[in-house]
Amino acid sequence: MNRFSEIRAVVLQNLEEMQAAGEIPADLDFANVAVEPPRDAAHGDMATNAAMVLAKPAKMKPRNIAEALAKRLLADARIVAADVAGPGFLNLRLGADFWQEVVGEVLTKGSNFGRSDMGQGKRVNVEFVSANPTGPLHVGHTRGAVFGDALASLLDFNGYDVTREYYINDGGAQVDVLARSVYLRYLEAHGAKVAFPDGTYPGDYLIKVGQALAEKVGKDYVDQPETVWLADVRLFSIDAMMDLIRADLKSLGVEMDVFYSEKSLYGTGKIEAALELLDGKGLIYEGKLDPPKGKLPEDWEAREQTLFRSTEHGDDVDRPVKKSDGAWTYFAPDIAYHYDKIERGFDMLIDVLGADHGGYVKRMKAAVSALSDGKVPLDIKLAQLVRLYKDGQPFKMSKRAGTFIELRDVVDRVGRDVTRFVMLTRKNDAPLDFDFDKVTEQSKDNPVFYVQYAHARIMSAMRKADEAGIDIKDATLLAADLGKLDHVAELALIKKLAEWPRLVEIAGRTNEPHRVAFYLFDLASDLHSLYHMGKENSALRFVQEDDIATSTAKIALARAVGVVISAGLGILGVNPAQEMR
RNA sequence: GGUCCCAUAGCUCAACUGGAUAGAGCACCUGCCUUCUAAGCAGGGGGUUUCAGGUUCGAGUCCUGAUGGGAUCGCCA
């Protein structure tokens, strides 16, 4: 159990007893009462703001509440000190055994330590990447891929039933462009000299696809009009591109549960059904949109379109679902797609999109709100741009200039672990600098190696212990006399471990996997610190040659840190290092 | 111009969704390798959290406005 919620429960129970005894009013809301680790360790192990939160509604002085609460809390065996400080904080100090037990808990639960049931098995759909199937994934997609995957793992760790999903945009004009481009490569494979006019994809990656098509259909499509080959080539090309994308994702360690085709929404009545539902709610109408405020496009002319009344659900303007020529806009199948997710019974939806889709957020939320009558929340996380650097210089990507960096290039060059970790060391809504030279550097400037080094160090200490004749089997470590872990530095490390379950919940509640990365860095730092104290103070070394009982306890602690690092890296999709070479 | 995101140490970023004296890394300075991996550790200097108001016992965090940067703005997806 989370040590902090455990003590919070104690605090709440005592507050209730104070109510029963008439010391504080009976009608108080305890929702804002928090028990947190204090920023400054000198303030104790945990602090509660109870007195300050309750002072106003109780019409009492915070210090009076705090003092009365402190007196009661001291009766609890776990709490050895309770001091009122500052404006009314109550600082608590817990007994050493209260903390030492954490090591045992980590070893018992293993990689499940820190799992929470916050999600209560609710079904959540995380849609991410969803890149157009027109080519391999590039660096820009990488961040969304890593973020979405880590977020999904984080939610799983918090007790949600998670589905990872990819929406294939195979219904629009861009896949026709793809098909025409592949057709040109197909002609090329048959010996023709081809040029790639504007509006086609000249990338080399299509050469193989053209050759494969040539092998499959021979010369059947040479000198034939588009009407003959377009549909077939389109299918063939999309399949080839999705194979490419799947392989790219795999190289990053991302595995989707569902690939959902946009095309499957057309001609099946799904779009119509979703729009009928909205129409039934009076949210669809024929009308003309006002031009964008301030800046009038040169070629603006008001046109009659079919519109979705998204303003009813928080959007700024109503949005078109049909173009003026009557064809669906991209928004229409997207509405149908999200309706399908709702119909599949998800309790919660998350879309991970690129920052360039920022203008899309409100209308999509409006649509989901309307379709589910506000019952299914949609959270949209925007992954901001990745700025590439090479030799300290900004590196521009350009499809045309051929300086287009593919996901695969990055993974091949710096490795999957580094790519993933670095992409997760920033909030998703802040731009990220990705410096090719720095991420391959092996130093403290590179957080991946720092964290992996900590894990490798633990593994090394365990090997040394084994050589020294100390039994390092989990069962033996579990039986260790943890009371021997009484040094401040050891207790500090244990307290850090105790924060893990709490951190997992916070990160899960805010959908912010980057918090895990920062926590791991802190934990690694504490481990390195303790390790080095062993140089000055041999009593702190993990292996005590002449004292098996103490060594066992210390190895148990090291092992527990290793377990948490491993679990944390697991959420981020990074492999813990067994040794550094 | 509308909308969304961002602004914290010289640089790159944290800050437990409102808590106490705002923390790390890089860079700079000083120590530490015969001892479990120095890919590391200990210590030092460095701040009007862009600005102006407001809410609150308490604001980097919430609200309003301004400034600067980025994204986006029917008939692309």
Side-chain angles (χ1 to χ4, degrees), chain A residues 4 32 34 36-40 42-43 47 49 52 55-56 62 85-89 91 132 134 169 171-175 262 288-297 299-303 305 307 315-317 319-320 322-325 327 329-331 333-334 354-362 382 384-385 425-427 429-431 433 435 438 441-447 449-450 452-454 456-457 460-465 467-468 499 502-503 505-507 509-510 512 514-515 518-519 521-522 525 528-536 538 541-543 554 558 579-581:
Chain A
F4 295 89
N32 290 328
E36 301 174 323
R39 203 175 261 172
D40 187 344
H43 290 137
N49 60 357
M52 286 179 295
K56 200 171 185 182
F89 281 103
N91 291 330
N132 288 341
T134 54
N169 293 119
Q174 79 284 356
V175 286
E262 176 193 356
K288 290 179 180 174
L289 275 179
D290 291 332
K293 283 171 191 161
K295 203 180 83 182
L296 189 68
D299 57 348
W300 178 269
E301 78 179 84
R303 286 174 188 165
Q305 290 176 295
L307 301 167
D315 203 354
D316 308 304
V317 291
R319 306 290 178 175
K322 271 188 186 176
K323 302 173 195 172
S324 48
D325 66 3
T329 61
Y330 174 72
F331 189 35
D334 232 7
D356 52 344
H357 290 69
Y360 211 66
V361 173
K362 279 190 180 178
L382 295 178
Q384 277 290 344
L385 301 181
T425 50
R426 200 105 320 160
K427 277 197 290 263
D429 48 10
D433 290 343
D435 189 317
K438 224 166 208 176
E441 202 173 280
Q442 305 192 343
S443 73
K444 196 165 181 179
D445 199 16
N446 188 342
F449 286 96
Y450 189 73
Q452 290 193 317
Y453 184 30
R457 229 174 204 169
S460 163
M462 291 184 69
R463 284 193 296 269
K464 293 278 176 189
E467 285 165 21
E499 283 181 35
R502 190 169 173 275
L503 182 114
E505 282 196 21
I506 292 164
R509 199 162 50 230
T510 53
E512 293 182 340
H514 78 274
R515 291 178 189 270
F518 281 98
Y519 169 84
F521 188 82
D522 276 354
S525 178
H528 288 309
S529 177
L530 176 63
Y531 177 91
H532 275 270
M533 287 174 86
K535 280 185 190 282
E536 309 252 310
S538 59
R541 290 188 200 161
F542 296 139
V543 180
K554 289 176 189 294
E579 58 181 334
M580 306 296 271
R581 271 173 297 154

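Side chains included, hydrogens not; waters and symmetry mates left out as well; all remaining heavy atoms used. Within every chain, numbering begins at 1; the chains are lettered A, B, ... in the order of the sequence lines, protein sequences first and strands thereafter.
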- Record whether the side chain of A:R502 comes under 3.5 Å of the base of B:C16 through a donor-acceptor pair of N or O atoms. yes
- If the C1' atom of B:A59 is compared with that of B:A15, how far apart are they to the nearest Å? 13 Å
- Task: Name the nucleic acid region contacted by A:E262, choosing base, sugar-phosphate or nothing; use a 4.0 angstrom heavy-atom cut-off, strictly under.
- Result: sugar-phosphate
- Are OP1 or OP2 of B:A15 and a side-chain N or O of A:H514 less than 4.0 angstrom apart? yes
- For B:C73, does either OP1 or OP2 sit under 4.0 Å from a side-chain N or O belonging to A:R319? no
- Heavy atoms under 4.0 Å, any strand shown: does A:A430 hit a base, just sugar-phosphate, or nothing? nothing
- Note on the structure: When both distances are under 3.5 Å in a Watson-Crick or G-U wobble arrangement, the nucleotide paired with B:A9 is none
- Looking for any heavy atom pair under 4.0 Å, which part of the strands does A:R463 touch: base, sugar-phosphate only, or nothing? nothing
- Item | Watson-Crick or G-U counterpart of B:G58, or none if no pair lies under 3.5 Å | none
- Task: Flag as yes if A:F521 stacks onto the base of B:A24 (centroids under 5.5 Å, planes under 30°), otherwise no.
- Result: no
- Donor-acceptor pair (no angle test) under 3.5 Å: A:D334 side chain, B:A77 base: no
- So, do A:Y531 and B:C36 meet the stacking rule of ring centres under 5.5 Å and planes under 30°? yes
- Query: If you look at every strand shown and take non-hydrogen atoms under 4.0 Å, does A:A47 touch a base, only sugar-phosphate, or nothing?
  - Reply: base
- Hey, does A:V543 reach any base, or is it just sugar-phosphate, or nothing, if we go heavy atoms under 4.0 Å? base
- So what does A:E512 hit on the nucleic acid, given a heavy-atom distance under 4.0 Å: a base, only sugar-phosphate, or nothing? base
- side-chain N/O A:R457 vs B:U37 OP1/OP2, d < 4.0 Å: no
- Message: Whether the A:R457 and A:Y453 side chains hold a donor-acceptor pair (N or O, under 3.5 Å, no angle test) is what I'd like checked.
- Response: yes
- Whole-Å distance between B:U3 P and A:D290 CG? 15 Å
- Strand partner of B:C4, provided both Watson-Crick or wobble distances fall under 3.5 Å: B:G70
- Task: Verify the stacking flag for A:H43 against B:A20: centroid separation must be under 5.5 angstrom and the ring planes must differ by under 30 degrees.
- Result: yes
- Query: Just checking A:T510: base, sugar-phosphate only, or nothing, at a heavy-atom cut-off of under 4.0 Å?
  - Reply: base
- Query: Does A:K535 make a side-chain N or O approach to OP1 or OP2 of B:A38 shorter than 4.0 Å?
  - Reply: yes
